[in-house]
Amino acid sequence: MKFVDEFRDPEVITRTAEEIRRLADPGRHYRLMEVCGGHTHAIYRFGLKDILPPNIELIHGPGCPVCVLPMGRIDDGLELGRRPEVIFTAFGDMMRVPGAHGSPLEHKAAGMDVRIVYSPTDALKLARAHPDRHVMFFAIGFETTAPSTALTLMRAKAEGLRNFSVFCNHVTIIPAIRAILDSPDMRLNAFIGPGHVSTVIGCRPYQWIARDEGKPIVVSGFEPLDLLQSIVMLLRQLAEGRSEVENQYTRVVPWEGNRAALAALAEVFQLRPYFEWRGLGFISQSALRIREEYAAWDAERVFDMAGVRVTDPKAAQCGEVLKGVLKPVQCKLFGKECTPERPVGALMVSSEGSCAAYYNYEHRKAAASLPVLV
Ligand code: SF4
């Protein structure tokens with residue numbers, strides 16, 4: 001199977017769905033967590049939930065890096081952007097994420113120099129083009145995007161480019177999964193493992209989940225058949241009483257990960273002792289900070305950062321949704337005060353946010369099926 005169409009073949013999907021129904025024990029309720037926000041979007045975009053038996057419940061995990069970022073970090077970055085010499089750069093995904101006093105896009109509308117970049121090297125190019133300004137890159141993401149930040153910092157150091165810095169908000173996936181498993185209100189049977197992160201870290205770091213926690217995990221791709229096949233693999237493990245790490249996404253994910261990317265991460269970053277996650281609180285060794293050797297390009301050292309802490313609006317239940325305790329529609333603000341047009345939480349605007357997935361696919365589908373009143 002090489003081409004996208006083959007991963008969306010209706011006949012094969014029908015056969016795989018039948019296999020899922022055959023494997024799912026009707027006397028059992030299965031709670032499977034898809035860790036990655038990209039999986040959540042694929043599940044709703046392709047309507048996969050509708051072809052699963054009702055006793056298979058998909059729980060959305062914390063694998064959306066924009067969503068887990070606490071509001072205070074956004075405010076810290078924007079505070080820095082207020083300096084007249086600074087150009088604030090970030091991925092487009094960040095632009096509508098609300099801080100306590102507005103999103104980066106709203107700050108841009110108010111006159112701040114905010115620019116969307118498609119990679120950290122675009123930010124580096126801006127720094128070369130504007131030697132009289134300071135270009136700050138608001139870095140965000142799991143191990144998937146952190147290597148490109150690392151390589152950019154290595155390039156900046158090699159060139160001696162001093163008007164460039166990174167505000168590092170990179171987080172790591174394994175401690176988040178551990179926090180989910182330690183959460184007393186979370187009962188899960190198995191995990192659909194994140195595909196993107198695993199292209200870098202490989203499958204080995206998940207082995208403790210199977211060995212110590214007794215939970216099967218299958219690293220999955222993002223096409224409909226990838227996800228359905230991963231569910232088949234999980235149900236087989238559960239039926240046979242096995243708990244192993246399996247790799248469904250072998251066409252992309254090497255078991256040992258990407259050695260070059262891991263080497264770049266080790267060169268530039270070290271683990272922070274702790275980091276605050278929205279919804280999960282402080283988690284030890286769960287985020288990356290820039291090593292001393294690259295301190296001259298670390299925005300947190302170059303500038304005096306306030307280290308703002310902001311609590312989410314009281315009625316917002318982003319934390320519970322991020323932990324998988326509540327479904328997005330169960331948040332009191334969903335579809336009312338909080339919509340993609342007027343988001344209260346990042347989960348409603350990020351391309352990997354579960355509230356955005358529900359709103360764009362489920363909520364609109366339900367609204368479209370309502371009878372028209374005349
Ligand atoms: S609906 Fe809005 S406030 Fe509620 S959990 Fe989702 S993003 Fe947060």
Side-chain angles (χ1 to χ4, degrees), residues 31-49 57-70 73-74 90-98 139-146 169-177 179-180 186 188 191-201 206 217-224 226-227 230-231 248-249 252-253 277-280 283 286-287 316-331 334 338 340 343-363:
R31 289 170 57 87
L32 313 179
M33 175 174 273
E34 85 272 3
V35 175
C36 177
H39 284 150
T40 307
H41 273 255
I43 286 161
Y44 287 100
R45 181 173 165 220
F46 296 113
L48 300 185
K49 192 175 81 66
E57 186 183 356
L58 296 174
I59 314 285
H60 319 309
C64 162
V66 174
C67 307
V68 298
L69 192 70
R73 298 288 290 184
I74 299 163
F91 293 142
D93 223 19
M94 271 305 302
M95 287 296 148
R96 295 184 57 237
V97 176
I140 188 163
F142 286 96
E143 289 93 333
T144 324
T145 51
N169 294 284
H170 285 299
V171 286
T172 59
I173 195 71
I174 297 295
I177 298 178
I180 292 282
M186 183 50 63
L188 296 169
F191 289 95
I192 298 173
H196 296 139
V197 167
S198 307
T199 59
V200 174
I201 66 172
Y206 305 117
I217 176 164
V218 173
V219 173
S220 176
F222 293 86
E223 290 298 322
D226 286 322
L227 283 154
S230 298
I231 293 170
Q248 183 277 335
Y249 206 20
V252 175
V253 172
W277 291 56
R278 180 175 282 178
L280 299 174
I283 306 178
S286 64
Q317 291 174 289
C318 307
E320 285 89 341
V321 174
L322 272 171
K323 281 194 285 186
V325 174
L326 288 185
K327 299 271 190 265
V329 283
Q330 292 173 303
C331 170
F334 181 90
C338 186
V344 175
L347 288 77
M348 192 52 100
V349 278
S350 168
S351 61
E352 297 195 326
S354 54
C355 295
Y358 261 69
Y359 193 91
N360 288 327
Y361 302 115
E362 288 291 290
H363 183 67

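Numbering of residues begins at 1 and proceeds along the displayed sequence.
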Worksheet item: Listed by chain and number, what are the ring-ring contact (aromatic ring centres under 6.0 Å, His included) partners of F91, not counting sequence neighbours?
Response: F137
Worksheet item: Does the side-chain contact (heavy atoms from CB on, under 4.5 Å) test come out yes or no for C318 and L347, once each step is laid out?
Response: CA-CA 7 Å; C318 307; L347 288 77; 3.7 Å; yes
Practice prompt. State, yes or no, whether a side-chain contact exists between F334 and Q317 at a heavy-atom distance under 4.5 Å.
Written response: no
Discussion item. Can you list everything that forms a ring-ring contact (aromatic ring centres under 6.0 Å, His included) with H196? Sequence neighbours excluded, please.
Written reply: F222
Discussion item. Please determine whether side chain to side chain donor-acceptor pair (under 3.5 Å) holds for the pair S198 and Y206, giving the CA-CA distance in whole Å, both sets of side-chain angles, and the decisive distance to 0.1 Å.
Written reply: CA-CA 10 Å; S198 307; Y206 305 117; 2.8 Å; yes
Worksheet entry | With Q330 via side chain to side chain contact (heavy atoms under 4.5 Å, CB included) - residues at least two apart | L326, K327
Response to the item:
Note: P343 and M348 closest approach over all heavy atoms is CB-CB, 4.1 Å
Worksheet, complete the sentence: When every non-hydrogen atom of G221 is compared with those of L227, the smallest separation belongs to O-CG, 3.8 Å
Worksheet entry | Side chain proximity check, Q248 to V219, heavy atoms < 4.5 angstrom | no
Item to complete: Find the distance between CD (E143) and OG1 (T172) and round it off to the nearest 0.5 Å.
Response: 5.5 Å
Discussion item. Please report the interatomic distance CD(E34) to OG1(T40), rounded to the nearest 0.5 Å.
Written reply: 3.5 Å
Worksheet item: Just wondering, do E57 and L32 contact through their side chains at under 4.5 Å, heavy atoms?
Response: no
Worksheet entry | L58 and I192, any side-chain heavy atoms less than 4.5 Å apart | yes
Practice prompt. Sequence neighbours left out, what passes side chain to side chain contact (heavy atoms under 4.5 Å, CB included) with A356? Give chain and number order.
Written response: H41, N360
Discussion item. Ignoring hydrogens, what is the shortest heavy-atom contact between V344 and P98? Give both atom names and the distance.
Written reply: O-CG, 3.5 Å
Worksheet item: What are the two closest non-hydrogen atoms of A139 and H170, and how far apart are they?
Response: CB-NE2, 3.5 Å
Worksheet item: Is a side-chain donor or acceptor of S350 paired with a backbone partner of A346 at a separation under 3.5 angstrom?
Response: no
Item to complete: Taking the six-membered ring for Trp and the single ring otherwise, decide whether the centroids of H60 and Y44 are under 6.0 Å apart.
Response: yes
Worksheet entry | Separation of S354 OG from H39 NE2 (nearest 0.5 Å) | 14.5 Å
Item to complete: Taking the side chain as every heavy atom from C-beta outward, state whether L48 and P224 have any atom pair closer than 4.5 Å.
Response: yes
Practice prompt. Say whether, by atom type as modelled, one donor and one acceptor occur between the side chain of D226 and the main chain of Y249 under 3.5 angstrom.
Written response: no
Worksheet, complete the sentence: Rounded to the nearest 0.5 Å, the CZ atom of F191 sits from the CD1 atom of I59 at a distance of 10.5 Å
Worksheet item: Does the side chain of I173 come within less than 4.5 Å of V35's, by heavy atoms?
Response: yes
Item to complete: With sequence neighbours left out, write down each residue that passes disulfide bond (SG atoms under 2.5 Å apart) with C64, or none if nothing qualifies.
Response: C67
Worksheet item: If you take all heavy atoms of A176 and I283, which pair is closest and at what distance?
Response: CA-CD1, 4.4 Å
Worksheet entry | Nearest atoms (heavy-atom pairs only) where V349 meets P340 | CG1-O, 4.1 Å
Worksheet item: Is there a donor-acceptor pair closer than 3.5 Å between any side-chain N or O of R278 and the backbone N or O of L322?
Response: no
Worksheet item: So, do P62 and I180 sit near enough that their side-chain heavy atoms are less than 4.5 Å apart?
Response: yes
Item to complete: Quick one: do C355 and V321 satisfy side-chain contact (heavy atoms from CB on, under 4.5 Å)? Show the steps, please.
Response: CA-CA 8 Å; C355 295; V321 174; 4.2 Å; yes
Discussion item. For P65, give me all partners under side chain to side chain contact (heavy atoms under 4.5 Å, CB included), at least two apart in sequence or on another chain.
Written reply: I140, F142, E352
